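Read through the structure below, which is laid out as C-alpha coordinates, and then see the notes.
Bear in mind the structure is a predicted one, so any value in this text is a computation, not a measurement. Just so you know, ligand 1 is whichever comes first in the structure, and atom 1 is the first atom listed for that ligand. In this chain, residues are counted from 1 in sequence order.
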Amino acid sequence: MSLLNDLAGADPGLSPRSTYFRLAAIGVLVAGTTGAFAYAGGWLSPGDLIQARIVDRFEQVNGPHPGFRRNHAKGLCLAGRFESSGRGARVSMASLFGAGRVTPVTGRIALAGGQPYAADAATTVRSLALRFHLPDGEEWRTGNNDIPVFPVRTPEAFYAQLLAAKPDPATGKPDPEALKAFFAAHPESAKAAALIKARTITSGFADDTFRSLNAFRFIAADGTRTPIRWAFVPEQAASVESPAERARADKNVLFDDFDSAVRRAPVHWRLVVTLGQPGDPTADATLPWPVERRNLDIGTVIVAATQPEAAGNCRDVNFDPLVLPAGIIGSDDPLLSARSAAYSQSFTRRAGEPKAPSAVHDTSASGAGL
Ligand code: HEM
(Lines give C-alpha, C1' and ligand atoms only; values in the text may rest on other atoms or scores of the structure.)
Protein backbone atom coordinates (compact mmCIF):
# COMPACT_ATOMS: atom_id res chain seq x y z
CA MET A 1 0.00 0.00 0.00
CA SER A 2 1.34 3.48 -0.85
CA LEU A 3 2.11 6.08 1.82
CA LEU A 4 -0.93 8.06 0.76
CA ASN A 5 -3.05 5.01 1.23
CA ASP A 6 -1.49 4.47 4.61
CA LEU A 7 -2.35 8.02 5.59
CA ALA A 8 -5.81 7.90 4.15
CA GLY A 9 -6.45 4.45 5.50
CA ALA A 10 -7.99 3.76 2.06
CA ASP A 11 -9.71 0.44 1.95
CA PRO A 12 -10.27 -1.25 -1.44
CA GLY A 13 -13.76 -2.11 -0.17
CA LEU A 14 -14.74 1.60 0.25
CA SER A 15 -16.80 3.40 -2.35
CA PRO A 16 -15.01 6.13 -4.39
CA ARG A 17 -17.26 8.68 -2.66
CA SER A 18 -16.21 7.74 0.91
CA THR A 19 -12.55 7.55 -0.12
CA TYR A 20 -12.90 11.08 -1.53
CA PHE A 21 -14.39 12.41 1.74
CA ARG A 22 -11.70 10.71 3.83
CA LEU A 23 -8.93 12.19 1.68
CA ALA A 24 -10.56 15.64 1.79
CA ALA A 25 -10.77 15.46 5.62
CA ILE A 26 -7.07 14.52 5.83
CA GLY A 27 -6.22 17.35 3.42
CA VAL A 28 -7.97 19.85 5.70
CA LEU A 29 -6.11 18.44 8.73
CA VAL A 30 -2.71 18.61 7.04
CA ALA A 31 -3.34 22.13 5.70
CA GLY A 32 -4.52 23.26 9.15
CA THR A 33 -1.45 21.87 10.92
CA THR A 34 0.95 23.33 8.34
CA GLY A 35 -0.85 26.66 8.61
CA ALA A 36 -0.54 26.64 12.40
CA PHE A 37 3.22 26.06 12.17
CA ALA A 38 3.55 28.74 9.50
CA TYR A 39 1.58 31.20 11.64
CA ALA A 40 3.68 30.43 14.72
CA GLY A 41 6.86 30.89 12.69
CA GLY A 42 5.67 34.21 11.30
CA TRP A 43 5.80 33.04 7.68
CA LEU A 44 2.22 34.08 6.99
CA SER A 45 2.66 37.53 8.44
CA PRO A 46 5.94 39.03 7.25
CA GLY A 47 4.90 42.43 8.62
CA ASP A 48 4.43 41.08 12.15
CA LEU A 49 7.20 41.35 14.68
CA ILE A 50 8.46 38.09 15.97
CA GLN A 51 11.20 37.45 18.44
CA ALA A 52 13.61 36.22 15.75
CA ARG A 53 13.36 39.49 13.83
CA ILE A 54 14.10 41.58 16.90
CA VAL A 55 17.11 39.44 17.74
CA ASP A 56 18.24 39.49 14.08
CA ARG A 57 18.17 43.26 14.28
CA PHE A 58 20.33 43.29 17.42
CA GLU A 59 22.85 41.18 15.47
CA GLN A 60 22.62 43.47 12.43
CA VAL A 61 23.30 46.56 14.57
CA ASN A 62 26.00 45.13 16.88
CA GLY A 63 27.72 42.57 14.68
CA PRO A 64 28.21 38.91 15.63
CA HIS A 65 29.29 38.15 19.22
CA PRO A 66 28.76 34.42 19.59
CA GLY A 67 27.92 33.15 23.05
CA PHE A 68 26.92 36.56 24.42
CA ARG A 69 23.53 38.06 25.22
CA ARG A 70 22.24 40.03 22.24
CA ASN A 71 21.53 42.93 24.58
CA HIS A 72 23.14 43.79 27.92
CA ALA A 73 26.09 41.76 26.64
CA LYS A 74 28.73 42.94 29.16
CA GLY A 75 28.02 41.83 32.70
CA LEU A 76 29.15 40.44 36.04
CA CYS A 77 27.41 37.82 38.20
CA LEU A 78 26.43 38.43 41.81
CA ALA A 79 24.95 36.60 44.80
CA GLY A 80 23.40 37.46 48.13
CA ARG A 81 20.00 37.45 49.80
CA PHE A 82 16.71 39.30 50.17
CA GLU A 83 15.54 40.22 53.66
CA SER A 84 11.81 40.97 53.76
CA SER A 85 10.49 43.84 55.89
CA GLY A 86 7.08 42.13 56.01
CA ARG A 87 5.39 45.27 54.63
CA GLY A 88 4.76 43.62 51.23
CA ALA A 89 2.71 40.75 52.69
CA ARG A 90 -0.49 42.83 52.84
CA VAL A 91 -0.45 43.48 49.07
CA SER A 92 1.14 40.28 47.71
CA MET A 93 0.88 36.70 48.86
CA ALA A 94 4.33 35.90 47.39
CA SER A 95 6.04 33.88 50.10
CA LEU A 96 9.28 35.89 49.98
CA PHE A 97 7.44 38.98 51.30
CA GLY A 98 6.46 37.30 54.59
CA ALA A 99 7.79 39.02 57.75
CA GLY A 100 11.30 37.84 58.62
CA ARG A 101 11.74 35.84 55.41
CA VAL A 102 15.28 35.57 54.00
CA THR A 103 15.50 34.42 50.36
CA PRO A 104 18.72 33.53 48.51
CA VAL A 105 19.34 35.75 45.46
CA THR A 106 21.64 35.45 42.46
CA GLY A 107 21.86 37.99 39.66
CA ARG A 108 23.82 40.05 37.19
CA ILE A 109 24.81 43.68 36.73
CA ALA A 110 25.28 44.72 33.10
CA LEU A 111 25.53 47.53 30.59
CA ALA A 112 22.81 47.85 27.95
CA GLY A 113 23.85 47.24 24.35
CA GLY A 114 25.09 44.30 22.37
CA GLN A 115 28.86 44.99 22.62
CA PRO A 116 30.46 42.60 25.13
CA TYR A 117 33.90 44.26 24.96
CA ALA A 118 32.92 47.96 24.89
CA ALA A 119 34.70 50.20 27.41
CA ASP A 120 32.47 51.25 30.32
CA ALA A 121 30.97 54.69 29.76
CA ALA A 122 29.16 56.73 32.42
CA THR A 123 26.07 57.38 30.29
CA THR A 124 25.49 53.80 29.10
CA VAL A 125 22.28 52.44 30.63
CA ARG A 126 23.10 50.11 33.55
CA SER A 127 21.05 47.13 34.64
CA LEU A 128 20.45 44.94 37.67
CA ALA A 129 18.91 41.52 37.01
CA LEU A 130 17.91 39.38 39.99
CA ARG A 131 16.74 35.84 40.55
CA PHE A 132 15.02 35.13 43.88
CA HIS A 133 15.22 31.44 44.82
CA LEU A 134 12.00 30.71 46.73
CA PRO A 135 11.24 27.38 48.43
CA ASP A 136 10.10 24.40 46.33
CA GLY A 137 11.84 25.60 43.15
CA GLU A 138 9.63 28.69 42.78
CA GLU A 139 11.47 31.72 41.33
CA TRP A 140 11.14 35.42 40.68
CA ARG A 141 13.35 36.70 37.86
CA THR A 142 13.52 40.40 37.15
CA GLY A 143 15.57 42.73 34.92
CA ASN A 144 15.76 46.41 35.91
CA ASN A 145 17.33 49.46 34.27
CA ASP A 146 18.69 52.72 35.75
CA ILE A 147 16.45 55.02 33.70
CA PRO A 148 13.20 56.72 34.82
CA VAL A 149 11.04 55.45 31.92
CA PHE A 150 11.56 53.13 28.92
CA PRO A 151 12.23 54.80 25.55
CA VAL A 152 9.49 52.96 23.62
CA ARG A 153 5.89 51.90 24.18
CA THR A 154 5.57 48.90 21.83
CA PRO A 155 7.73 46.07 20.45
CA GLU A 156 7.29 47.57 16.96
CA ALA A 157 8.75 50.88 18.17
CA PHE A 158 11.62 48.98 19.85
CA TYR A 159 12.42 47.32 16.51
CA ALA A 160 12.36 50.64 14.63
CA GLN A 161 14.42 52.37 17.31
CA LEU A 162 17.19 49.76 17.18
CA LEU A 163 17.88 50.68 13.57
CA ALA A 164 17.35 54.43 13.98
CA ALA A 165 19.88 54.52 16.84
CA LYS A 166 22.49 52.37 15.03
CA PRO A 167 25.83 54.20 15.15
CA ASP A 168 27.13 55.33 11.78
CA PRO A 169 30.61 53.72 11.36
CA ALA A 170 31.98 57.04 10.02
CA THR A 171 30.96 59.18 13.01
CA GLY A 172 30.33 56.61 15.75
CA LYS A 173 26.96 58.35 16.31
CA PRO A 174 23.44 57.58 15.04
CA ASP A 175 22.34 59.26 11.82
CA PRO A 176 20.52 62.43 13.05
CA GLU A 177 18.00 62.23 10.17
CA ALA A 178 17.07 58.63 11.06
CA LEU A 179 16.60 59.59 14.71
CA LYS A 180 14.52 62.64 13.74
CA ALA A 181 12.23 60.48 11.61
CA PHE A 182 11.89 57.93 14.44
CA PHE A 183 10.91 60.58 17.01
CA ALA A 184 8.48 62.23 14.54
CA ALA A 185 6.72 58.87 14.15
CA HIS A 186 6.89 58.15 17.93
CA PRO A 187 6.25 61.37 19.88
CA GLU A 188 5.91 59.37 23.14
CA SER A 189 9.52 58.25 22.64
CA ALA A 190 10.68 61.85 22.16
CA LYS A 191 9.15 62.74 25.56
CA ALA A 192 10.65 59.66 27.21
CA ALA A 193 14.09 60.42 25.70
CA ALA A 194 14.01 63.89 27.29
CA LEU A 195 13.30 62.36 30.74
CA ILE A 196 16.06 59.78 30.25
CA LYS A 197 18.57 62.42 29.19
CA ALA A 198 17.75 64.55 32.25
CA ARG A 199 18.44 61.72 34.74
CA THR A 200 21.20 61.96 37.34
CA ILE A 201 24.19 59.84 36.34
CA THR A 202 25.59 58.29 39.50
CA SER A 203 29.22 57.27 40.07
CA GLY A 204 28.61 53.55 39.51
CA PHE A 205 26.38 50.51 39.98
CA ALA A 206 26.38 50.55 43.80
CA ASP A 207 24.83 54.03 44.19
CA ASP A 208 22.39 53.66 41.28
CA THR A 209 18.60 53.10 41.30
CA PHE A 210 17.22 50.32 39.08
CA ARG A 211 13.57 50.28 37.99
CA SER A 212 11.15 47.67 36.65
CA LEU A 213 9.80 50.27 34.17
CA ASN A 214 7.09 47.83 33.11
CA ALA A 215 4.04 47.58 35.37
CA PHE A 216 3.09 44.33 37.10
CA ARG A 217 0.29 43.37 39.50
CA PHE A 218 0.48 42.15 43.07
CA ILE A 219 -2.17 39.65 44.18
CA ALA A 220 -3.01 39.66 47.88
CA ALA A 221 -4.16 36.60 49.84
CA ASP A 222 -7.79 37.84 49.57
CA GLY A 223 -7.44 38.14 45.77
CA THR A 224 -7.10 41.96 45.66
CA ARG A 225 -5.03 43.06 42.65
CA THR A 226 -2.82 46.15 42.82
CA PRO A 227 -0.97 47.61 39.82
CA ILE A 228 2.65 48.15 40.77
CA ARG A 229 6.05 49.26 39.57
CA TRP A 230 9.18 48.84 41.67
CA ALA A 231 12.65 50.24 42.15
CA PHE A 232 15.84 48.94 43.79
CA VAL A 233 17.07 52.00 45.71
CA PRO A 234 20.72 52.07 46.90
CA GLU A 235 21.60 52.46 50.57
CA GLN A 236 25.28 53.25 49.93
CA ALA A 237 26.57 56.66 48.88
CA ALA A 238 28.59 57.52 45.79
CA SER A 239 32.08 56.10 45.51
CA VAL A 240 34.75 58.70 46.39
CA GLU A 241 36.93 58.27 43.32
CA SER A 242 35.89 59.81 40.04
CA PRO A 243 35.15 57.02 37.53
CA ALA A 244 35.76 59.47 34.67
CA GLU A 245 39.43 59.79 35.64
CA ARG A 246 39.89 56.11 36.36
CA ALA A 247 38.12 55.09 33.12
CA ARG A 248 41.18 56.21 31.20
CA ALA A 249 43.20 53.42 32.81
CA ASP A 250 40.52 50.76 33.21
CA LYS A 251 37.94 49.95 30.54
CA ASN A 252 35.95 47.92 33.07
CA VAL A 253 35.94 50.69 35.67
CA LEU A 254 32.24 50.41 36.60
CA PHE A 255 32.37 46.64 37.07
CA ASP A 256 35.71 46.73 38.90
CA ASP A 257 34.41 49.45 41.24
CA PHE A 258 31.36 47.34 42.04
CA ASP A 259 33.52 44.31 42.71
CA SER A 260 35.76 46.35 45.06
CA ALA A 261 32.70 47.79 46.83
CA VAL A 262 31.29 44.30 47.47
CA ARG A 263 34.67 43.11 48.78
CA ARG A 264 34.76 46.03 51.24
CA ALA A 265 31.18 45.48 52.49
CA PRO A 266 27.92 43.96 51.21
CA VAL A 267 26.02 46.28 48.85
CA HIS A 268 22.38 47.00 49.81
CA TRP A 269 19.37 48.01 47.73
CA ARG A 270 15.91 48.58 49.25
CA LEU A 271 13.04 47.14 47.22
CA VAL A 272 10.53 50.01 47.00
CA VAL A 273 7.17 49.19 45.42
CA THR A 274 4.96 51.97 44.03
CA LEU A 275 1.23 51.24 44.35
CA GLY A 276 -0.69 52.37 41.25
CA GLN A 277 -4.13 53.94 41.27
CA PRO A 278 -6.93 53.35 38.75
CA GLY A 279 -6.04 55.23 35.58
CA ASP A 280 -2.26 55.01 36.04
CA PRO A 281 -0.78 53.79 32.75
CA THR A 282 0.12 50.10 33.03
CA ALA A 283 0.49 49.48 29.28
CA ASP A 284 2.85 52.34 28.49
CA ALA A 285 6.37 52.20 29.95
CA THR A 286 7.26 55.60 28.42
CA LEU A 287 5.00 57.35 30.95
CA PRO A 288 6.00 58.00 34.56
CA TRP A 289 3.38 57.53 37.29
CA PRO A 290 2.35 60.54 39.42
CA VAL A 291 5.03 61.23 42.05
CA GLU A 292 2.49 61.34 44.89
CA ARG A 293 1.76 57.59 44.61
CA ARG A 294 2.31 55.59 47.78
CA ASN A 295 5.62 53.72 48.09
CA LEU A 296 6.16 50.63 50.24
CA ASP A 297 9.64 49.61 51.36
CA ILE A 298 9.21 45.85 51.32
CA GLY A 299 12.72 44.59 51.99
CA THR A 300 16.42 44.74 51.18
CA VAL A 301 18.59 43.00 48.60
CA ILE A 302 22.06 42.41 50.02
CA VAL A 303 24.82 41.54 47.55
CA ALA A 304 27.68 39.73 49.26
CA ALA A 305 29.70 38.28 46.34
CA THR A 306 30.51 38.76 42.68
CA GLN A 307 31.88 36.33 40.11
CA PRO A 308 32.90 36.70 36.44
CA GLU A 309 30.48 35.04 34.01
CA ALA A 310 31.23 31.37 33.61
CA ALA A 311 29.56 28.06 32.87
CA GLY A 312 26.69 27.40 35.25
CA ASN A 313 26.41 30.85 36.85
CA CYS A 314 24.39 33.92 35.69
CA ARG A 315 25.92 33.60 32.22
CA ASP A 316 23.57 30.72 31.47
CA VAL A 317 20.40 32.30 32.85
CA ASN A 318 17.55 33.98 31.00
CA PHE A 319 16.15 36.76 33.21
CA ASP A 320 12.71 36.42 31.64
CA PRO A 321 10.52 39.09 33.30
CA LEU A 322 7.51 36.77 33.26
CA VAL A 323 9.08 34.15 35.54
CA LEU A 324 7.07 35.22 38.58
CA PRO A 325 6.09 33.62 41.90
CA ALA A 326 2.44 33.19 42.98
CA GLY A 327 1.43 36.66 44.19
CA ILE A 328 2.92 38.64 41.25
CA ILE A 329 1.54 38.64 37.69
CA GLY A 330 2.32 40.61 34.53
CA SER A 331 0.26 43.62 33.43
CA ASP A 332 -1.26 44.52 30.06
CA ASP A 333 2.06 46.12 29.00
CA PRO A 334 2.80 44.77 25.48
CA LEU A 335 6.56 44.94 26.15
CA LEU A 336 6.38 42.13 28.70
CA SER A 337 5.44 39.30 26.34
CA ALA A 338 7.79 40.73 23.68
CA ARG A 339 10.64 40.70 26.21
CA SER A 340 9.87 37.16 27.22
CA ALA A 341 9.88 35.99 23.59
CA ALA A 342 13.03 37.95 22.59
CA TYR A 343 15.02 36.87 25.67
CA SER A 344 14.16 33.26 24.93
CA GLN A 345 15.32 33.68 21.32
CA SER A 346 18.57 35.38 22.43
CA PHE A 347 19.11 32.67 25.06
CA THR A 348 18.50 29.82 22.60
CA ARG A 349 21.00 31.26 20.11
CA ARG A 350 23.74 32.00 22.64
CA ALA A 351 23.31 28.69 24.46
CA GLY A 352 24.23 26.83 21.27
CA GLU A 353 27.31 28.93 20.46
CA PRO A 354 30.97 28.65 21.52
CA LYS A 355 31.84 30.85 24.50
CA ALA A 356 34.55 33.50 24.79
CA PRO A 357 35.60 34.93 28.17
CA SER A 358 33.74 38.02 29.37
CA ALA A 359 35.65 41.32 29.23
CA VAL A 360 34.99 41.48 32.98
CA HIS A 361 37.22 38.49 33.73
CA ASP A 362 40.33 39.98 35.25
CA THR A 363 38.55 41.38 38.30
CA SER A 364 39.59 39.46 41.42
CA ALA A 365 36.23 37.96 42.24
CA SER A 366 34.97 38.28 45.78
CA GLY A 367 32.91 35.14 45.87
CA ALA A 368 33.43 31.57 44.88
CA GLY A 369 30.89 29.12 43.57
CA LEU A 370 27.86 31.36 42.97
C1 HEM B 1 10.44 45.00 23.54
C2 HEM B 1 11.29 45.45 24.44
C3 HEM B 1 12.59 44.76 24.79
C4 HEM B 1 13.36 43.87 24.07
C5 HEM B 1 13.07 43.33 22.67
C6 HEM B 1 14.50 43.51 24.87
C7 HEM B 1 15.51 42.64 24.49
C8 HEM B 1 16.49 42.12 25.31
C9 HEM B 1 17.35 41.00 25.00
C10 HEM B 1 17.35 40.23 23.69
C11 HEM B 1 18.14 40.77 26.09
C12 HEM B 1 19.18 39.65 26.25
C13 HEM B 1 18.49 38.45 26.89
C14 HEM B 1 19.37 37.22 27.10
O15 HEM B 1 20.09 36.77 26.18
O16 HEM B 1 19.33 36.64 28.23
C17 HEM B 1 17.79 41.76 27.07
C18 HEM B 1 18.37 41.87 28.31
C19 HEM B 1 17.91 42.72 29.29
N20 HEM B 1 16.84 43.59 29.23
FE21 HEM B 1 15.64 43.90 27.67
N22 HEM B 1 14.44 44.19 26.08
C23 HEM B 1 13.27 44.95 26.06
C24 HEM B 1 12.79 45.75 27.06
C25 HEM B 1 13.34 45.86 28.31
C26 HEM B 1 12.76 46.61 29.39
C27 HEM B 1 11.43 47.38 29.36
C28 HEM B 1 13.57 46.46 30.43
C29 HEM B 1 13.27 47.09 31.76
C30 HEM B 1 13.99 47.25 32.75
C31 HEM B 1 14.69 45.59 30.03
C32 HEM B 1 15.76 45.17 30.81
C33 HEM B 1 16.70 44.23 30.44
C34 HEM B 1 17.75 43.76 31.33
C35 HEM B 1 17.97 44.20 32.76
C36 HEM B 1 18.49 42.82 30.60
C37 HEM B 1 19.75 42.07 31.08
C38 HEM B 1 19.35 40.86 31.86
C39 HEM B 1 20.60 40.06 32.16
O40 HEM B 1 21.51 40.57 32.84
O41 HEM B 1 20.65 38.90 31.70
N42 HEM B 1 14.51 45.25 28.71
N43 HEM B 1 16.78 42.58 26.59
Numbered atoms and elements of ligand 1 in range of [X], under 4.0 angstrom, heavy atoms:
X    : answer
F150 : 24 (C), 25 (C), 26 (C), 27 (C)
F319 : 39 (C), 41 (O)
A129 : 38 (C), 39 (C), 40 (O)
R211 : 30 (C)

Looking only at distances, can you tell me whether any N or O atom of [X], backbone or side chain, sits closer than 3.5 Å to an N or O atom of ligand 1?
X    : answer
R69  : yes
N144 : no
R70  : no

Does a salt bridge link [X] with [Y], judged by any charged N lying under 4.0 Å from a carboxylate O?
X    : Y    : answer
E83  : R81  : yes
D259 : R264 : no
E59  : R53  : no
E309 : K355 : no
R90  : D222 : no

> Atom CZ of R229 and atom OG1 of T282: how far apart are they, to the nearest 0.5 Å?
Replying inline: 8.5 Å
>> Check for me whether the distance between the ring centres of W230 and W140 falls short of 6.0 Å.
In response: yes
>> Within less than 2.8 Å, report the number of protein N/O/S atoms around atom 21 (Fe) of ligand 1.
In response: 1
Protein heavy atom at shortest distance from [atom]:
atom                    : result
atom 1 (C) of ligand 1  : L335 CD2, 3.7 Å
atom 15 (O) of ligand 1 : S346 OG, 2.5 Å
atom 39 (C) of ligand 1 : R108 NH1, 3.3 Å
atom 4 (C) of ligand 1  : F158 CZ, 3.5 Å

>> According to side chain to side chain contact (heavy atoms under 4.5 Å, CB included), who are the partners of E292, at least two apart in sequence or on a separate chain?
In response: P290
If you measure from each non-hydrogen atom of [X] to ligand 1, which part falls under 4.0 Å: side chain, backbone, both or neither?
X    : result
V55  : neither
S212 : backbone
R350 : side chain

>> Once you measure the plane-to-plane angle for F97 and F82, does it fall in the parallel (<30°), tilted (30-60°) or perpendicular (>60°) bin?
In response: perpendicular
> Hey, what's the ring geometry for F232 with F132, parallel, tilted or perpendicular (30° and 60° as the breaks)?
Replying inline: parallel
>> Does R199 have more than 12 heavy atoms from other residues, nucleotides or ligands lying within 6.0 Å of its CZ?
In response: yes
>> According to side chain to side chain donor-acceptor pair (under 3.5 Å), does anything in residues 162-171 pair up with another residue at least two apart or in another chain? List the pairs.
In response: none
> Among pairs that include at least one residue of residues 121-135, which meet side chain to side chain donor-acceptor pair (under 3.5 Å), considering only residues two or more places apart or in two chains?
Replying inline: H72-S127, T106-H133, R126-T202, R126-D208, R131-E139
